[in-house]
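So the structure is just underneath, and the comments pick up after that.
All values derive from a computational prediction rather than experimental measurement. Numbers restart at 1 for each chain; the letters A, B, ... are given by sequence-line order, proteins then strands.
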2 protein chains.
Amino acid sequence: MTDKVPGKNLDVASQILRHATRLFAARGFVGASLHDIAEAVGIRKPSLLYHFRSKEDLRRSVLEQMLSHWSEVIPRILHASSSGEAQFDAIADETIKFFSEDPDRARVLLRELLDRPLEIAPLIELHVRPWAKILGDYIRRGQLQGTIDPLVDPEAWVASTINLVLSSVAVHAGLGRILAEGKRRKSVTPTFPPRLVHELKRMARSSLFLAPAAATATAPDGAPES
Amino acid sequence: MTDKVPGKNLDVASQILRHATRLFAARGFVGASLHDIAEAVGIRKPSLLYHFRSKEDLRRSVLEQMLSHWSEVIPRILHASSSGEAQFDAIADETIKFFSEDPDRARVLLRELLDRPLEIAPLIELHVRPWAKILGDYIRRGQLQGTIDPLVDPEAWVASTINLVLSSVAVHAGLGRILAEGKRRKSVTPTFPPRLVHELKRMARSSLFLAPAAATATAPDGAPES
DNA sequence: CCTACCGATCGGTAGG
DNA sequence: CCTACCGATCGGTAGG
């Protein structure tokens, strides 16, 4: 239900999804009207409702599109790198990159988590649980081998760390004031600063591994972004 | 469902604030109608608008009430305990307690951060910046003394850790699925589990201090709640 | 993809 | 603290 056949104009449906994502992220689901979304695309409200039968349908599609994008990136890194710290780093990098390269993803997800906690539970189950379990098992193995702090609560760590990344990206525009000294950013969607990316990764690592592993933690940079 | 007081009924205005906080937290500012808030209190909409001139006024009051509560608890712990790790623990405990004893506080704040990042910036400046600076200075001192990891970015750590606590409490109902194996919680406002409280504190500590300090980190319990 | 229009609900006011 | 009512806007439909 995503890709239309060629020949037509630049896929109106995906244009609608783009602006719907943007406006849902900025104003919330109830706060973003179909009228405003349609105007942003350059069409009228009834035309939007031709592509998506209802606002609820649009919401579902926005979420599906985002999660399918996520489901596309995760298996790749899960099987690519060998297990161990390399895989841990790959997952961390990819997760932070996924959200920070488009903060609207984090905002829409966070809003869904707040607006409809029970309704998205199945989606969490489907899209997060699998690799959350992989991370949890990895932690337990590390605890047996003595590389990871035995005091870590694997599932709680995973849940909290996802939360940390998600919300850091989502509310950076608001909470970033603590960081920025005198800088005034009028942009509602500022770039997520590398400085925060680096600190997020450092926090995740150092709250997990027993050996400070200064060699890797001090690596010249924090995020391979090129 | 509320406790009445001898003579008058228990301050209608504060009743309105209570239910407004609850409904803003659950449905967001635009999603919670004045009609529904008034009905929850047991009055009609125009009566509510006698106590609060507008919905915007109600929003401000909800936020003010919450932040004044916060401003009441913070200076106390800032001056009470001596500096050092004791003060660090006191701040961490009090912050986690403040939000986890009423998750609606975290939800309302998180929603404001998402809905109006620029508008609440002054409030962050006023209510968070001061003790965020104290924590930042404490971290820098610890780094000079060699007790805190020199790789820590003080301001980024503070911002991220606030974020971690705030969002963990706020979206626990939604993201908690990663934790709960088979348990089904129908409650929209479940109790924030001690297990998560403990892991949050552990993460905050271990991502900061150089010496694992097993003695304190393994302390019999995670939150002094009595 | 449009114009025209629907009932429902929104925040807020009049007036008592 | 209430009933009655306001214009504006909401999601959605008719019909082309």
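- Between the OH atom of B:Y50 and the P atom of D:dT3 there is a distance of 17 Å, given to the nearest Å.
- What separates CG of A:D57 from C1' of D:dT13 is a distance of 16 Å, to the nearest Å.
- Comparing A:F29 and B:V41, the nucleotide of DNA chain D nearest to each residue sits closer to the 5' end for B:V41.
- For the pair B:S68 (side chain) and B:Q65 (backbone), a donor-acceptor distance under 3.5 Å is present.
- Residue B:L49 contributes atom CG, which lies 12 Å from atom P of C:dA14 at whole-angstrom precision.
- Pairing of C:dG7, defined by two Watson-Crick or G-U wobble distances under 3.5 Å, is identified with D:dC10.
- Distance, B:H51 NE2 to C:dG12 C1': 16 Å, rounded to whole Å.
- The side chain of A:P46 lies closest to C:dT3 when the candidates are C:dG11, C:dA14, C:dT3.
- Computed from coordinates, the A:L58 CG to D:dC10 P distance equals 15 Å when rounded to whole Å.
- Rounded to whole angstrom, the span from the CD1 atom of B:I16 across to the C1' atom of D:dC1 amounts to 11 Å.
- B:A32 comes within 4.0 angstrom of sugar-phosphate atoms only, judged by non-hydrogen atoms across all strands, and of no base.
- Between A:R44 and the phosphate of C:dT3, there is a side-chain N or O to OP1/OP2 separation shorter than 4.0 Å.
- For A:K55, counting side-chain heavy atoms from C-beta on, the closest listed nucleotide (D:dG12, D:dT13, C:dC1) is D:dG12.
- Residue side chain A:K45 reaches the base of D:dG12 through a donor-acceptor N/O pair under 3.5 Å, judged by distance alone.
- Closest to the side chain of B:H35, out of D:dC2, D:dC1, C:dC10, is C:dC10.
- Under the 3.5 Å distance criterion, with hydrogens and angles disregarded, no donor-acceptor pair is assigned to the side chains of A:D104 and A:T21.
- For B:S47 and D:dC2, the shortest distance from a side-chain N or O to OP1 or OP2 is below 4.0 Å.
- In this structure, the side chains of A:F52 and A:R60 stay at 4.5 Å or more apart for every pair of heavy atoms.
- Checked for salt-bridge contact, B:D153 and A:R202 miss the test: no charged N lies under 4.0 Å from a carboxylate O.
- The distance between atom CZ of A:F52 and atom P of C:dC1, rounded to the nearest whole Å, is 11 Å.
- The side chain of B:L34 has C:dG12 as its nearest neighbour among C:dC2, C:dG12, D:dG11.
- A:E94 has its side chain out of reach of A:W70: every pair of non-hydrogen atoms, C-beta onward, lies at least 4.5 Å apart.
- One atom, CG of A:L48, and another, C1' of D:dT13, lie 15 Å apart when rounded to the nearest Å.
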